[in-house]
Structure formats: structure tokens, C-alpha cells
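The structure under discussion appears below in the form of C-alpha cells.
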Amino acid sequence: MSVSIYEDVEYYFKSYRAYVSKVINPDDMQQLWDLHWRALVGQLPLSNLGEDEEVRMFTIGCGEGFRDSLIVREISKRHPKVYVRALEPAEDVMKLFRDKADDITKSHPGVRFDWHSTTFQAYVDDQRNGETGDEGSFHLVISGHSLYYIDDWACALDRMYDFVRPNGMLAVTIVNGECTFGKLMCIYRQTEGGKMHMLTSDDVSSYLTTKSAQIATYTREYTFDAPEIFDQTSETGNLLLDFFTQRRNFRGTAPETLQDTVLDFLKKDMEREDGSCLFDGYESEVVAVKTVST
Ligand SMILES: C[S@@+](CC[C@H](N)C(=O)[O-])C[C@H]1O[C@@H](n2cnc3c(N)ncnc32)[C@H](O)[C@@H]1O
């Protein structure tokens with residue numbers, strides 16, 4: 001039986017923060033992220049937007065909104081009026097985004113936020129007949145590493161895409177299939193089905209090719225220094241291992257054969273010739289621009 005890490009939200013964020021803190025090249029990656037998102041925001045269909053009209057953005061699983069705040073600031077350089085619908089089930093974490101939003105609205109009075117503290121599936125189900133009335137109205141819909149946690153991911157992608165307006169964009173940030181994390185996800189999902197979707201950029205881009213959209217992928221190669229995951233007495237090591245496997249207390253609850261498979265794979269993939277022990281966790285934005293049929 002799988003014990004999903006997300007069942008204890010506080011523990012989940014503790015392990016997520018342990019993971020993020022181990023990146024060895026954060027500045028380089030931030031620069032590349034800035035470059036990618038400046039280009040993506042530049043592709044939004046804003047040229048025909050009237051002065052009083054808003055750029056509409058919907059972010060799903062925004063967490064503490066670190067990246068979303070940067071995207072909102074980038075959009076507001078191009079157009080003064082922005083409407084941001086922010087959806088996040090973990091209320092305490094979303095509060096951190098609200099604080100950032102207060103700063104944004106002080107300096108950019110044309111920006112407004114609309115908060116939804118719920119899961120994406122509950123949000124969609126709550127609307128009568130599953131229709132929100134906002135389908136086809138967003139310039140930008142973002143799912144930032146949230147798709148793994150949504151019950152029916154393919155159906156969620158359909159719904160996210162429905163929210164995008166013609167020429168608008170769906171951007172799904174997700175683990176890339178080529179790195180340690182992506183390969184581990186593929187091994188793990190073959191070994192044991194669980195509640196989480198061990199999804200990679202390959203799954204998302206092949207699903208989105210069924211849409212009438214132009215698909216592109218933007219990838220950043222993060223590397224994590226994480227030798228302590230092989231030390232079963234290390235608290236940080238166990239937090240990291242739980243985040244990699246998306247399972248709470250992997251060492252205490254996973255069947256022994258699964259532990260051997262995962263740890264053997266990680267050893268082979270992480271150990272480098274110079275003696276270092278590095279975990280590659282590349283992330284990709286799979287971007288679908290909704291094409292308009294003439
Ligand atoms: C890895 S974090 C990413 C946070 C942020 N988007 C970022 O990129 O830094 C995943 C986020 O998905 C949220 N999440 C989990 N289940 C969800 C669901 N069913 N619907 C929407 N978001 C969900 C989590 O609470 C968490 O904030």
C-alpha cells in the first residue's frame with residue numbers, strides 16, 4: 001500500500017523545502033527561468049487588448065507564489081491591468097502568496113487577485129454542470145508542478161486547456177523524463193502504483209499533442225547535492241528520499257524489494273567519477289499555445 005506524501009501537507013512542504021535547498025546552481029537556474037518566462041510572457045496575445053481590459057492569468061497549485069509573483073510583475077510591464085486567479089489547497093502556504101500579492105498591488109494598482117483555497121478537481125466539480133463560465137477566457141493558465149497531485153490528470157489537463165482563450169497559453173511545469181527524478185518516476189510507477197501520478201514532461205507533451213495547439217518545451221537542468229539520502233540515520237536524507245519517491249517514510253513503509261530497486265537505481269545514477277553524489281532534477285515547461293482554426 002502506498003502512503004502518499006501529500007496526505008500530510010505540513011510534512012510534504014518540509015520535504016519539498018529540503019529538496020529545493022539542495023540545488024547547487026540556483027543563480028544560474030534563476031537566470032534561465034527569467035529568460036524562459038520573459039520569452040513566454042512575450043508570446044501572450046496582448047497586442048489587441050484595450051487599455052481597460054485585463055490580462056487574465058489562472059495559476060493552479062500556486063503554493064507560496066514565488067514564481068507566479070515574478071510572472072505577474074513581468075506581465076504588468078507589458079500591460080497595466082492584470083487579473084490573477086490563484087488556486088491552492090494548502091491555505092497556510094497560499095497566505096505567503098497573499099503577502100507577496102499585497103506588495104504587488106501597492107506598486108501596481110491595476111493588478112487584482114482572486115483567491116481559491118481548494119483543489120483543482122473540487123474547483124471544477126463545484127461549478128454547475130462542470131462549466132465555470134470562464135472557459136476560453138484566460139491568456140495564461142499555469143500548472144506549476146501540481147499535476148502529479150490531481151486525481152485524474154488527463155481530465156485535469158483537458159479542463160485547464162478549456163480555460164485558455166484562442167492564441168492563449170497553457171504552461172505545465174513538470175519533471176523532465178531525462179533526469180534522475182524523471183527516470184526514477186518511470187521505474188517507481190512500473191514497480192508500484194500509488195495515489196500520486198509519477199508524471200514527466202513526456203506524458204504531458206504527448207497528451208497535449210492531441211489538442212489543436214502548438215507545443216514547445218523549455219527545460220532547466222537543476223542539480224542537487226544529496227549524498228545523505230544513502231544515510232538512513234540522516235533526517236534530511238530521509239526527507240529527500242521521501243520527496244523523490246513521493247512517499248511518506250519510504251524507508252519505514254515501502255516493501256524491501258522496492259527500497260532495493262530505488263536505492264540501487266539512485267546509487268548508479270547519482271555517483272560520479274569524482275566521488276560526488278548528485279541528483280539531477282530537470283524541470284520543463286510544456287507549453288501549448290491554442291491555435292485558432294480559420
Ligand atoms: C511542488 S508544489 C509547487 C508549488 C508552486 N507552483 C511552485 O512551482 O513552486 C505543488 C503544489 O501543488 C499543490 N496541490 C496539491 N494538490 C493539488 C490539487 N489537487 N489541486 C491543485 N493544487 C494542488 C500543492 O499544495 C503545492 O502547492
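Order of listing sets the numbers, starting from 1, for every ligand and every atom in it.
- For Y19 and F181, the gap between ring centers is short of 6.0 Å.
- Within 4.0 Å of ligand 1, protein heavy atoms come from Y6, Y12, F13, Y16, G61, C62, G63, L87, E88, P89, T119, F120, Q121, G144, H145, S146, Y149, I150.
- Between V23 and N25 there is a side-chain heavy-atom pair separated by less than 4.5 Å.
- Taking the six-membered ring where the residue is Trp, Y16 and F13 present perpendicular rings, their angle passing 60° and hence far from 30°.
- Within the 4.5 Å cutoff, no side-chain heavy atoms of Y149 are placed close to those of T119.
- Between F279 and F244, the angle of the ring planes stays under 30°, which puts this pair in the parallel group of the 30/60° scheme.
- Ring geometry for F250 versus Y188: interplanar angle of 30 to 60°, hence tilted.
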